[in-house]
Number of protein chains: 2
Amino acid sequence: MDLDLRKLRYFVAVAEHQHFGRAAEELYIAQPVLSRQIRAFEQELGCILLVRTTRSVELTAAGKQLYEEAQGILASVASAVRRVHDTDRGVQRLVVAFSPGLHVADAIRAFTSRHPDVETDVVPAPWWQQDAPLRTSRAQVGYLRRQFNETGLHVIPIGHEPRVACMPAAHPLACRQDLTSAELDGQRLLDSPKRRTSSLEEKFELIASGHGIALIPLGVARSYSRPDLVHLPVTDAPEVETCLAVAADRREKLLRDFLQTATATLRQT
Amino acid sequence: MDLDLRKLRYFVAVAEHQHFGRAAEELYIAQPVLSRQIRAFEQELGCILLVRTTRSVELTAAGKQLYEEAQGILASVASAVRRVHDTDRGVQRLVVAFSPGLHVADAIRAFTSRHPDVETDVVPAPWWQQDAPLRTSRAQVGYLRRQFNETGLHVIPIGHEPRVACMPAAHPLACRQDLTSAELDGQRLLDSPKRRTSSLEEKFELIASGHGIALIPLGVARSYSRPDLVHLPVTDAPEVETCLAVAADRREKLLRDFLQTATATLRQT
DNA sequence: GAGATCCATGCCCGTAAGGTATCAATCGCC
DNA sequence: GGCGATTGATACCTTACGGGCATGGATCTC
């Protein structure tokens, strides 16, 4: 079974755009090539991944499954290659996962000044599965919002964040100063870590187009502001805890140092 | 960065054989092809993976790193493809990891007779990291020896196993009926889950060639017997616990059913 | 020093990936 | 209902790369 990563990447592009033309554009290849490659890929795999008409491209069940799997495969290949390069060049590296809106810059700056020899990277943590980069050892430590399965992870709480209601600027409640959760009762809420296939951007798109409103952490709201959305404090909504997390079986000195530096940085501010 | 899985497989073959000719033979390609592919692979990666002389092939540090990474990548690609096929065909599958010498056949037979619609697979668990297949979700449940990090796993003890001393047939102690651990004091012991790069076969090779002796679970000794090695009971060595393990966040009905069937099977025997 | 072993190089061929031009089906619109 | 726009598929050509064979060149053995 000689799955080809090139074709897998092609498939991912098509799956994401649901459009052969745009996917081809992104991949810098001609559209007919993409059509043929995808068809060949389906034949190699022995199952149909996409249902195409001239007006739409949709994923089949197998296609959806492959798309999910592909995320992990491509990401782990990329980070494996990076680790090989690191080993080759003899550098140590610390990869920090972060949830959007949490600022890791201070801690990383402090850390790199103490360890100029260690290279650092940051990777975003998917909102629907904050712990994924830690579990797949793509990152060694994470600045995360505490809404994930903590088994096997060591978690250090570092703060709190209020939740705000995110709604279209045209919404009847949008002119208010703040809200209580009771006032949101009648509203359709698009809620959190359940639907695995949608990105934050998609979620905002849904909200902007009037499909509902959402309760999101303040930091997320700040980092994704759009003119057609407003964010209102919800006075009695439970706060979100933010935390540092590391895989419980990691014991490297580098990690301990980072945690120490990070918590020290927090205490100063 | 367009890493090619074919070349990665080629590299793995060479790394395992440390010999281009034999690797090529295993891959059913000509040796010159392999030489060129590996060289091209090194250029794509931008680092040297192998130091070759006409008499030996050795992995560089980067090569060793890549070899480690490759194991995981290739395994996860293979299991991803299988899951895609499963989704396509609409079948459910249960993958059982097992440590060598633990017999899972009864439980699986009982399970499949209760769930003829569910396909089952078994995969070997690496001795130096029994929990790996569960952590990478390559398997949903494992028959393992209880010598791994249990955080995030749900563990059900199912039995005990004595340890035996494994030594060359020519060893001075080899004629004994049994031993006590005190008698092993002077001996060089090759012990357990530390060296991550060696297979069980290599370990036995080391023992056979007189580099030391090892304490291993009886079941392992039984399933890997060689004429040039003998296994002697060590009367006071601590026993190894065997167990069923599942990822703590897995809650599928299928898994519960399997655990139930498996423990019931144990009680009968 | 002769022979064996083993990786590298040179040369050839076939397949498959990529490009351009074009077709065919569907939708929107007047 | 017909026309144009959009979009995926097909046809055909070119190029690049994987693979095979023959052979070179280095190293170890005896």
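So that the names make sense, note that chain A is the first sequence line, chain B the second, and so on, each numbered from 1.
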Phosphate OP1/OP2 of dA17(C) contacted by Arg39(A) side-chain N/O (<4.0 Å): no
dG20(D) base / Arg36(B) side chain donor-acceptor hit below 3.5 Å: yes
Student check: side-chain heavy atoms of Val91(B) and His85(B) closer than 4.5 Å: no
Aromatic ring proximity, centroids under 6.0 angstrom, Phe204(A) and Tyr224(A): yes
Counterpart residues, salt bridge (Lys or Arg N to Asp or Glu O under 4.0 Å), relative to Arg176(B) (two or more places apart): Glu183(B)
Any Ser35(A) side-chain nitrogen or oxygen under 4.0 Å from OP1 or OP2 of dA9(D): yes
Comparing Ser56(A) and Arg6(B) on DNA chain D - which has the more 5′ nearest nucleotide: Ser56(A)
Members of residues 13-28 of chain A that approach DNA chain D, where some heavy atom sits under 4.0 Å away: His19(A), Phe20(A), Gly21(A)
Pairing of Arg82(A) and Glu119(A) as salt bridge, 4.0 angstrom limit: no
Distance below 4.0 Å between Arg52(B) side-chain N/O and dA8(C) OP1 or OP2: yes
Note: Arg83(B)-Glu68(A) ion pair, threshold 4.0 Å (strictly below): no
Heavy-atom side-chain proximity of Leu49(A) to Tyr67(A) below 4.5 angstrom: no
Sugar-phosphate or base contact per nucleotide [nucleotides 23-30 of chain D; S, B, -; heavy atom under 4.0 Å]: --BBSS--
